[in-house]
Number of protein chains: 2
Amino acid sequence: MSRPTIAGVARAAGVSVASVSRVLNGLPATEEMAERVRRAVDELGYVPDSRARSLKVGRTFQLTLAVADVGNPVYVTMMRAVEEVVSAAGYRLVVTTTGPEIVDEVALVRGMARGYADGLVISPLRVDDDLIKSIQECDVPVVVAGNVPAKAGVDTVRANSPKGMALAVEHLVSRGRRRIAFLNGPADTVPGEARAKGFADALRTHKLRAVAQVEAVDFTFAAGREGGRELLGGARDHRPAFDAVIAANDLLAVGLMHELVAADLAVPDDVALVGMDDSELAEQCFPTLTSVNLGSAERGRRAAELLLARIEDGERSPRRIVVHPSLSVRRST
Amino acid sequence: MSRPTIAGVARAAGVSVASVSRVLNGLPATEEMAERVRRAVDELGYVPDSRARSLKVGRTFQLTLAVADVGNPVYVTMMRAVEEVVSAAGYRLVVTTTGPEIVDEVALVRGMARGYADGLVISPLRVDDDLIKSIQECDVPVVVAGNVPAKAGVDTVRANSPKGMALAVEHLVSRGRRRIAFLNGPADTVPGEARAKGFADALRTHKLRAVAQVEAVDFTFAAGREGGRELLGGARDHRPAFDAVIAANDLLAVGLMHELVAADLAVPDDVALVGMDDSELAEQCFPTLTSVNLGSAERGRRAAELLLARIEDGERSPRRIVVHPSLSVRRST
DNA sequence: GGTCGCTCTGTAAACGATTACAAGAACGAT
DNA sequence: ATCGTTCTTGTAATCGTTTACAGAGCGACC
């Protein structure tokens, strides 16, 4: 009643286990042998046990993508891109979600060690020495979609947020906006920090001063609403001090948009709004959201390629890829 | 250089492999023994090989959730619920995406066979005999989040879409709408079929006639826009024949909403709009979307519980759970 | 005809863990 | 002191594959 093993197939076909294995793996065999094995396999409904197989050959043919929040549409984009590359290479992709705490990521990388998958793409919100150490010690290749110090010597693919910020500011300035506010995510995260710096730099090149800056507790929609309320807080009854806002990602932007509408401010007439990530949400919301495309799809693709290349050759020197941003202009500006 | 095995730890600690295994699995041992093993483990950074372990014990402690489209926010809700239950039970959840073709699902279930995971929750868009057969033959428990004939004898958790449709229609009627259109997804899918039937029934109980009905090619945002254009097609220059639309899911609803706005129709004043799934998107879009809550979170939770129960006891008779819908009223009606 | 070489198949040893079983140590009771 | 009981530890079998190695069969060539 229980699952047939290769031994059962061998018995049914009247051949040895080695022959069964060979036929199944496409190694040379006589046509008659192949036929007998195939028949027995069909008859018993035999499916090889992938655990035993990968224990022996040392590979699982699975790759893992670890993201912090499946609810964030930017990860959907990335996931699709990664999926495409890895499945073309004959791997199966499994996605796991780490949650917002960095300890989860460290635990994931540690536990990842040989057995669950042949490689890992991880997109951590926060990076600390523990995480880097666990990546370096991990005996299956890891590529980080995010920013990690060069001296860590790990493969990375990251976005150029400062450049992205520059695009956003430039665009708003060209639309005649000068009083630009910023709704960031948590500043103790890698993207949060990068975007804060990028924003400051971009303002400087345009000789502008920040009129308002708020740090949301999270990169989520709810945090965007809350941050929006805070941003508008001082301006309950009069026009706000800003005529444009840049949000650190699309979810925050959309949350903010709701608060703007609730405060009777028209987008883009009263306040222009730029998001970041250019996720599916940017075209789903209303008005459609101008958003900085940080290349999530390309980052996913490149990360997957990097991972495959390193699985192929573990000795190659670590690559650090930066993908360049572009701006998707929509109705919110 | 390579990963230490249990034998290495045993050697380093000067004990036998059996003792190492026992300490690691919390079986009784003297304090001194435990201490030596722990030290050696720390020193070598030993992590057990999960393949070998699960080959021996016959369990992987992984469960799989298979969904058709990661971009659909309803799956995000479901995924979160499943994750919560299975991780509380000590399993790790992996998510794989099947794509819109049913062959992918059959292949997934077939290949799932013992080795990748201890169980599977699958939410198939289409169900045919092949799929049912593969589920029955699968030697790891499978629970279907969706509708499957009772005689198939598989555990299922499904939504009550007819009831959900009734709620939607009732609500619209109570808002004074009588000319209700329907934007369905593909009618050859399980949810598409159920919703079409539910819609027809609900209209009948209210003695209404369908004024327009369109079938989108997909359950996606893009298909929603396209379907929306089709729905409005006949009404290019004059008021449309309907004063309300029910969409078969939130993505379709939001796509449609964009077309309504593009056609200068106000939501809800000119056209009221009801979505289904009550996903995160329903509160993210603008105006916020009234949506039928088909209990995705609860379905996910129940499905996960069913799966765990069946893993526990493979002989229990198959359960068929139906979760009841409710309506989340928002600004679009 | 004998030997070489080639191809095909089977036997058995891994892979790295768990665990049944046996052996040894410690200890108390008689 | 001996025996039995209990507790701890080690040896070795096992899970289901792959694959190195060796043996068998057979044709070809000298």
Side-chain angles (χ1 to χ4, degrees), chain A residues 1-41 44-62 111-118 139-140, chain B residues 1-41 44-62 111-118 139-140:
Chain A
M1 211 51 238
S2 89
R3 162 162 302 284
T5 73
I6 200 173
V9 175
R11 208 173 320 118
V15 302
S16 76
V17 292
S19 298
V20 176
S21 174
R22 275 189 288 255
V23 170
L24 261 36
N25 291 307
L27 273 59
T30 55
E31 186 46 42
E32 194 220 334
M33 167 67 75
E35 184 49 32
R36 295 174 69 167
V37 170
R38 274 194 298 264
R39 184 148 43 224
V41 164
L44 299 178
Y46 168 76
V47 180
D49 182 311
S50 53
R51 292 178 307 235
R53 171 166 222 280
S54 66
L55 171 59
K56 187 61 178 138
V57 303
R59 307 179 73 175
T60 51
F61 294 97
Q62 283 198 357
M112 194 68 212
R114 210 158 212 78
Y116 285 114
D118 299 340
D139 55 358
V140 17
Chain B
M1 213 48 240
S2 90
R3 162 162 301 285
T5 74
I6 199 173
V9 175
R11 209 173 316 118
V15 302
S16 76
V17 293
S19 298
V20 175
S21 175
R22 276 189 287 256
V23 170
L24 262 36
N25 291 308
L27 274 60
T30 56
E31 186 46 44
E32 194 221 332
M33 167 66 77
E35 183 49 34
R36 295 175 68 167
V37 170
R38 274 196 297 265
R39 185 150 40 226
V41 166
L44 299 177
Y46 168 76
V47 179
D49 182 313
S50 55
R51 291 178 308 235
R53 171 165 220 280
S54 67
L55 171 59
K56 185 65 174 122
V57 302
R59 307 178 74 175
T60 47
F61 295 95
Q62 284 199 357
M112 193 68 212
R114 207 156 213 79
Y116 286 115
D118 299 341
D139 54 357
V140 18

*asked:* Given B:Arg53, which partner from the list B:Ile6, B:Leu24, B:Asn25 fulfils the side-chain contact (heavy atoms from CB on, under 4.5 Å) test?
replied: B:Asn25
*Expressed in angstrom and rounded to an integer, what is the separation of A:Leu55 atom CG from D:dT14 atom P?*
17 Å
*Do you know which two heavy atoms are closest between A:Leu44 and A:Ala12, and how far apart they sit?*
CD1-CB, 4.0 Å
_Expressed as a whole number of angstroms, how long is the span from B:Leu44:CG to C:dA17:P?_
12 Å
*Just checking A:Arg51: base, sugar-phosphate only, or nothing, at a heavy-atom cut-off of under 4.0 Å?*
nothing
_Can you identify which nucleotide, out of D:dT19, C:dT9, C:dT19, has its nearest atom closest to the A:Val57 side chain?_
D:dT19
*List the atom of B:Val140, the atom of B:Ala117, and the distance in Å for their closest heavy-atom pair.*
CG2-O, 3.8 Å
*Does A:Thr5 make a side-chain N or O approach to OP1 or OP2 of D:dG16 shorter than 4.0 Å?*
no
*Once you round it to whole Å, what is the distance between P of C:dT19 and NZ of B:Lys56?*
7 Å
*asked:* Starting the side chain at C-beta, find the nucleotide from C:dT18, C:dC8, D:dG10 nearest to A:Thr30.
replied: C:dC8
*Length of the line joining B:Asp49:CG and D:dC15:P, which is rounded to integer Å*: 18 Å
*Would you kindly give the CZ-to-P distance between B:Arg59 and D:dG16, to the nearest whole Å?*
16 Å
*asked:* Can you see if the side chain of B:Ser21 gets near the phosphate of C:dT18 - specifically, an N or O under 4.0 Å from OP1 or OP2?
replied: yes
_Heavy-atom nearest nucleotide on DNA chain C for B:Ala52 versus B:Ala18: which residue maps closer to 5'?_
B:Ala52
*asked:* Whole angstroms only, please: what is the CG-P distance between B:Leu27 and C:dT18?
replied: 10 Å
*Measure the distance from CZ on B:Arg11 to P on D:dT11 and round it to the nearest whole Å.*
13 Å
*C:dT9, C:dA17, D:dT11: which one has an atom nearest the side-chain heavy atoms of A:Met33?*
C:dT9
*For B:Tyr46 against B:Arg3, the heavy-atom pair lying closest together*: C-NH1, 4.4 Å
*Which of these nucleotides, C:dG10, D:dG10, C:dT19, is closest to any side-chain atom of B:Ser19?*
D:dG10
*Donor-acceptor pair (no angle test) under 3.5 Å: A:Arg22 side chain, C:dG10 base*: yes
*A:Arg11, CZ: over 12 other non-hydrogen atoms inside 6.0 angstrom*: no
*Distance in angstrom units between B:Phe61 CZ and C:dA17 P, rounded*: 16 Å
